[in-house]
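What you see is a predicted model, and the numbers here were worked out from it, not measured in a lab. Keep in mind that the numbers below use all heavy atoms, side chains included, and drop hydrogens, waters and symmetry copies. Remember, it's 1-based here, ligands and their atoms both numbered in the order they're listed.
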Amino acid sequence: MTKANTNYLKLTAGYLFPEIARRVNAFKEENPNADIIKLGIGDVTEPLPTACCEAMKKAVDEMSDRATFHGYGPEQGYAWLREKIAAHDFQARGCHINASEVFVSDGAKCDTGNILDIFGDDNTIAVTDPVYPVYVDTNVMAGHTGSATEDGKYEGLVYLPMNAENDFTPPLPSQNVDLIYLCFPNNPTGAIATKETLTKWVNYARENDAIILFDAAYEAFITDPEIPHSIYEIEGATECAIEFRSFSKNAGFTGTRCAYTVVPEGLTAKGDDGSEVKLWNLWNRRQSTKFNGVSYIVQRGAEAVYSDAGQKQIRALIDFYLENAKIIREKLSKAGLTVYGGVHAPYLWVKAPSGYSSWDLFDMLLQKANVVGTPGSGFGSAGEGYFRISAFNSRKNVETAMQRIVENLQV
Ligand SMILES: *Cc1c(COP(=O)(O)O)cnc(C)c1O
């Protein structure tokens, strides 16, 4: 008899987006002429930078010629891309990261899930609440948790609340934890971590022999030079942190697929006999065995992000989304809502008016303004009473949606 991995049956999420679709469809049936604007999606809307497109077209031509054709590439990514990543994203910011520590992949989402392959099954795991659901669900799938509880949490995980009361700065865990997922700039709240906050985490991890899994997918949206882009800007972080990066949000590669993970050579975890095991060796082995690299064409596209033209074009893309975020902030505030985030991130985290739940605000925005966002409760129980609005959209949609909210929603 074949047994299934019944850990999957513990998963409760996957409920959020179907429920949003159900409510939107019910509304459409009653209001067939309503022009619904979706500000709920975590996907980019603007086309790829031309520098990336040109590089990929050139790479396609190379593939069509026997003399310049490429078959399997290195599982870790081509050296020319890893060197540009190390130099530009790390060394230029004073981080001691070498090309050999960069592993190119087809996504930060898969890397944040796959990374569990190199850790034992009895670590205590901490996540923030609210949280990017991938961190939680992949631990549920791996059997690292108990069942889901009433309030949407899982037994066995340590939840660190992030809310207006603590200025969206998760507290250090009160019990000992081994793996800590942090995402800054944060999805869904748009919050950032200062150098001071990250230093506190790095010190905690070093003192407690813990490892930080740092997701910096939104680092390009940081506009204040004092805010760290990488956890490796903090002294000692190469001894306690793995960092995930992606070309999805800075260069619009959500449908093109390229990302990378940094595993420092000196990073270790404990073997069964208490000895130090180099995590670089394990990740390198894991990738070489289960992954065959990102396509040559796409890696050439990612490389073009680091050209002068590419840098200018991604800056324009990010500025465009940040301007959307600014418009959303201003208009929602004008409508009387309290808004967080949206300054160093493409997400705005809106406080539901007093007495309103996340879903109440969802229904109100849908009915009065025909605007769809994401209920904060879908990202964890501490997200209840909040609402996520994404700045990934056309200017016209943002302006129309905000005008409707200002005109029809008074709280
Ligand atoms: C979008 C996003 C990513 C990027 O995922 P890809 O698989 O590289 O597209 C990673 N982390 C968070 C929190 C995200 O929102």
Answer yes or no on whether Arg300 is positioned over the face of Trp80, meaning its NZ or CZ is under 6.0 Å from the six-membered ring centre and within 45° of the axis.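 Satisfied, under 6.0 Å and within 45°.
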
Mark yes or no: Arg206 above the aromatic ring of Trp201, with NZ or CZ under 6.0 Å from the six-membered ring centre and no more than 45 degrees from the axis.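 The answer is no; the distance or angle limit is not met.
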
For Glu62, salt bridge (charged side-chain N to carboxylate O under 4.0 Å, His left out) partners two or more places apart: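 Expected list: none.
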
Hey, can you pull the donor-acceptor pairs under 3.5 Å for the side chains in residues 332-342, sequence neighbours left out?
residue: Ser333; atom: OG; partner: Arg329; partner atom: O; Å: 2.7

Nitrogen or oxygen contacts under 3.5 Å, ligand 1 side and protein side:
residue: ligand 1; atom: 7 (O); partner: Ala108; partner atom: N; Å: 3.2
residue: ligand 1; atom: 7 (O); partner: Lys109; partner atom: N; Å: 2.9
residue: ligand 1; atom: 7 (O); partner: Arg257; partner atom: NH2; Å: 2.7
residue: ligand 1; atom: 8 (O); partner: Ala108; partner atom: N; Å: 2.7
residue: ligand 1; atom: 8 (O); partner: Ser246; partner atom: OG; Å: 2.7
residue: ligand 1; atom: 8 (O); partner: Ser248; partner atom: OG; Å: 3.4
residue: ligand 1; atom: 9 (O); partner: Ser248; partner atom: OG; Å: 2.6
residue: ligand 1; atom: 9 (O); partner: Arg257; partner atom: NH1; Å: 2.9
residue: ligand 1; atom: 9 (O); partner: Arg257; partner atom: NH2; Å: 3.4
residue: ligand 1; atom: 11 (N); partner: Asp215; partner atom: OD1; Å: 3.4
residue: ligand 1; atom: 11 (N); partner: Asp215; partner atom: OD2; Å: 2.7
residue: ligand 1; atom: 15 (O); partner: Asn187; partner atom: ND2; Å: 2.8
residue: ligand 1; atom: 15 (O); partner: Tyr218; partner atom: OH; Å: 2.6
residue: ligand 1; atom: 15 (O); partner: Lys249; partner atom: NZ; Å: 3.3

Can you give each donor-acceptor pair under 3.5 Å made by side-chain atoms of residues 251-268, sequence neighbours left out, with the distance rounded to 0.1 Å?
residue: Thr254; atom: OG1; partner: Asp43; partner atom: OD1; Å: 2.7
residue: Arg257; atom: NE; partner: Asp106; partner atom: O; Å: 3.2
residue: Arg257; atom: NH1; partner: Thr254; partner atom: O; Å: 3.0
residue: Arg257; atom: NH2; partner: Asp106; partner atom: O; Å: 3.0
residue: Tyr260; atom: OH; partner: Asp89; partner atom: OD2; Å: 2.6
residue: Tyr260; atom: OH; partner: Arg245; partner atom: NH1; Å: 3.4
residue: Thr261; atom: OG1; partner: Asp111; partner atom: OD2; Å: 2.7
residue: Glu265; atom: OE2; partner: Ser100; partner atom: OG; Å: 3.1
residue: Thr268; atom: OG1; partner: Glu276; partner atom: OE1; Å: 2.5

Crowded around Lys351 NZ? As in, over 12 foreign heavy atoms under 6.0 Å?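 Atom NZ in Lys351 is packed in, count exceeds 12.
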
